[in-house]
A.B. asks: 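Below is one structure. I have some questions about it.
Here is how names work: the chains are called A, B, and so on, in the same order as the sequence lines, proteins then strands, and each is numbered from 1.
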Number of protein chains: 2
Amino acid sequence: MCIERGLKMTGQRRIIARVLSESEDHPDVEELYRRAVALDADVSIATVYRTVRLLEEKGIVARRDFGEGRSRYDPTDRGQHHHLIDVDTGKVIEFEDEAHDALARDIAAKLGFELVDVRLQLFARRPEQKKPK
Amino acid sequence: MCIERGLKMTGQRRIIARVLSESEDHPDVEELYRRAVALDADVSIATVYRTVRLLEEKGIVARRDFGEGRSRYDPTDRGQHHHLIDVDTGKVIEFEDEAHDALARDIAAKLGFELVDVRLQLFARRPEQKKPK
DNA sequence: CTAATTGCAAATCATTTGCGCAGGG
DNA sequence: CCCTGCGCAAATGATTTGCAATTAG
């Protein structure tokens, strides 16, 4: 899936790549490290950082920043998508929206630009359950 | 403009508030500190951090994160707006878009949520001037 | 065999915080 | 006068990096 990109396929890279491709959520490096160690103890957190950076440069994973001070990652093979963050639970929901992407392209064009990438994050809450403060 | 919020109006806060309200761009703390010192030497970077956090909690400034690893700030009296980042120059352009905000509300509603906040960033480039690599 | 990769620990970077002192109300 | 806010320097937390040992191709 990512072997033929000029990277040596080492044991730790294999593990980290697997952890990433199997993840359905948006783990941070600490979490990736935990999962990797659970599969094979021979990984250091430094290698996770290095690998994740490498995969990001190669376009295999996307780095996300939800304003928590650390980065989260997810494989790009899930397709271009955006995020809705439940402000009460912190849960992240992915979604795609054709109409939105088209609108984004239009907005950029109107400003005289050609769109390269869009980052959209919706912070929201479930309406019914009023949080007692 | 922000005095009656239960904050003591000290000299350094006055300076930092002025620097912020006069800024047309999105300075980071380091930059705010530089500008503040230029007006009045009696400010420490720690105070800039403290003040900026305070003003953010009070809703007087907005914290932005353009994925550079540090936060940038701008006064909220400029209104709710989004950002287009020129990927070649790093320049940030602000814009508003009614249609987009409505669409965002719709998307959240469709997912069963009530929108609290939207963060939209367009990464784009000017089409004509091809950057020589 | 040789360059790429790893682990570890030390180094960075942005940001926060403890503490004794100063100043606003 | 009292409590809040300040400067300083040390503490934190995430991420990066130098270096010597290890390994993929």
Side-chain angles (χ1 to χ4, degrees), chain A residues 1-20 26-58 60-74 90, chain B residues 1-20 25-58 60-74 90 92:
Chain A
M1 61 176 287
C2 60
I3 308 173
E4 284 78 28
R5 301 241 191 185
L7 329 158
K8 281 194 186 178
M9 193 33 57
T10 66
Q12 22 280 82
R13 282 191 185 158
R14 211 184 306 278
I15 294 293
I16 296 169
R18 161 159 19 189
V19 168
L20 270 164
H26 307 78
D28 57 33
V29 171
E30 208 62 60
E31 178 62 25
L32 287 172
Y33 174 62
R34 251 176 263 124
R35 296 182 191 177
V37 168
L39 292 182
D40 178 333
D42 271 348
V43 200
S44 83
I45 189 110
T47 299
V48 179
Y49 272 106
R50 279 191 271 238
T51 304
V52 122
R53 176 128 70 88
L54 208 65
L55 295 180
E56 190 205 349
E57 284 163 9
K58 298 292 179 183
I60 299 171
V61 302
R63 179 171 27 158
R64 309 292 180 179
D65 182 344
F66 298 142
E68 309 152 301
R70 61 217 141 95
S71 298
R72 290 159 167 273
Y73 297 85
D74 60 82
Chain B
M1 59 176 287
C2 59
I3 307 172
E4 283 78 27
R5 301 242 191 183
L7 330 157
K8 280 194 186 178
M9 192 34 55
T10 66
Q12 21 281 86
R13 282 189 187 162
R14 211 184 305 279
I15 295 292
I16 297 169
R18 160 156 22 185
V19 169
L20 270 163
D25 49 351
H26 306 78
D28 57 31
V29 171
E30 208 62 60
E31 178 63 27
L32 286 172
Y33 173 62
R34 252 176 261 124
R35 296 182 192 177
V37 168
L39 292 181
D40 177 333
D42 272 347
V43 200
S44 83
I45 188 106
T47 299
V48 179
Y49 272 107
R50 278 191 272 240
T51 304
V52 122
R53 175 130 69 90
L54 208 66
L55 295 180
E56 191 204 349
E57 284 163 9
K58 298 292 180 185
I60 300 172
V61 303
R63 178 172 26 159
R64 309 291 181 179
D65 182 345
F66 298 143
E68 309 153 300
R70 61 218 141 93
S71 298
R72 291 160 167 274
Y73 297 84
D74 59 82
V92 176

A.B. asks: At under 4.0 Å, does any side-chain N or O of B:Arg70 touch on OP1 or OP2 of C:dT15?
C.D. replies: no
A.B. asks: What distance separates B:Ile60 CD1 from B:Leu54 CG, expressed to the nearest 0.5 Å?
C.D. replies: 8.0 Å
A.B. asks: In whole Å, what is the span from the CD1 atom of B:Ile45 to the P atom of D:dA10?
C.D. replies: 17 Å
A.B. asks: Distance check: side-chain N/O of B:Tyr49 vs OP1/OP2 of C:dT16, anything under 4.0 Å?
C.D. replies: no
A.B. asks: So if I take every side-chain heavy atom of A:Arg13 and compare against D:dC8, C:dT5, C:dG7, which nucleotide ends up nearest?
C.D. replies: C:dT5
A.B. asks: Rounded to whole angstroms, how far apart are CD on B:Glu57 and P on C:dT16?
C.D. replies: 10 Å
A.B. asks: Return the value, rounded to whole Å, for the distance between atom CG of B:Leu32 and atom C1' of C:dA14.
C.D. replies: 14 Å
A.B. asks: At under 4.0 Å between heavy atoms, what does B:Gln12 touch on the DNA or RNA strands: base, sugar-phosphate, or nothing?
C.D. replies: sugar-phosphate
A.B. asks: Quick one: CG on B:Leu32 to OH on B:Tyr49, what's the gap to the nearest 0.5 Å?
C.D. replies: 10.0 Å
A.B. asks: To the nearest 0.5 Å, tell me how far A:Arg63 CZ sits from A:Glu56 CD.
C.D. replies: 4.0 Å
A.B. asks: Assign each of A:Val48 and B:Glu68 to its nearest nucleotide of DNA chain C by heavy atoms, then name whichever residue's nucleotide is nearer the 5' end.
C.D. replies: A:Val48
A.B. asks: If the sugar-phosphate is the primed atoms plus P, OP1 and OP2 and the base is the rest, what is the B/S/- string for nucleotides 18-25 of chain C, using protein heavy atoms under 4.0 Å?
C.D. replies: B----BBS
A.B. asks: Can a side chain N or O of A:Ser71 be found less than 4.0 Å away from OP1 or OP2 on D:dA14?
C.D. replies: no
A.B. asks: For B:Glu31 and C:dT15, give me the distance from atom CD to atom C1', rounded to whole Å.
C.D. replies: 18 Å
A.B. asks: Starting from C1' on C:dA14, measure out to CG on A:Asp65 and report it in whole angstrom.
C.D. replies: 13 Å
A.B. asks: Nearest-Å distance, NZ (B:Lys58) to C1' (D:dG5)?
C.D. replies: 14 Å
A.B. asks: Is the number of heavy atoms from other residues, nucleotides or ligands within 6.0 Å of CZ (B:Arg64) greater than 12?
C.D. replies: yes
A.B. asks: Please determine whether a side-chain nitrogen or oxygen atom of B:Arg53 lies at a distance below 4.0 Å from atom OP1 or OP2 of C:dT15.
C.D. replies: no
A.B. asks: For A:Val43 and for B:Arg63, locate the closest nucleotide of DNA chain C by heavy-atom distance; then report the residue assigned to the nucleotide nearer the 5' terminus.
C.D. replies: A:Val43
A.B. asks: In whole Å, I'd like the distance from the CZ atom of B:Arg14 to the P atom of D:dG5.
C.D. replies: 14 Å
A.B. asks: Indicate yes or no: does A:Asp28 engage A:Arg72 in a salt bridge with an N to O separation below 4.0 Å.
C.D. replies: no
A.B. asks: Has the side chain of B:Arg13 got a donor or acceptor atom that lies under 3.5 Å from a matching backbone atom of B:Lys8?
C.D. replies: yes
A.B. asks: Within a radius of less than 6.0 Å around CZ of B:Arg35, do more than 12 heavy atoms belonging to other residues, nucleotides or ligands occur?
C.D. replies: yes
A.B. asks: Using whole Å, what does the distance between atom C1' of nucleotide C:dT15 and atom CD of B:Glu56 come to?
C.D. replies: 13 Å
A.B. asks: Any base atoms under 4.0 Å from B:Asp42, or only sugar-phosphate, or nothing? Heavy atoms, all strands.
C.D. replies: sugar-phosphate
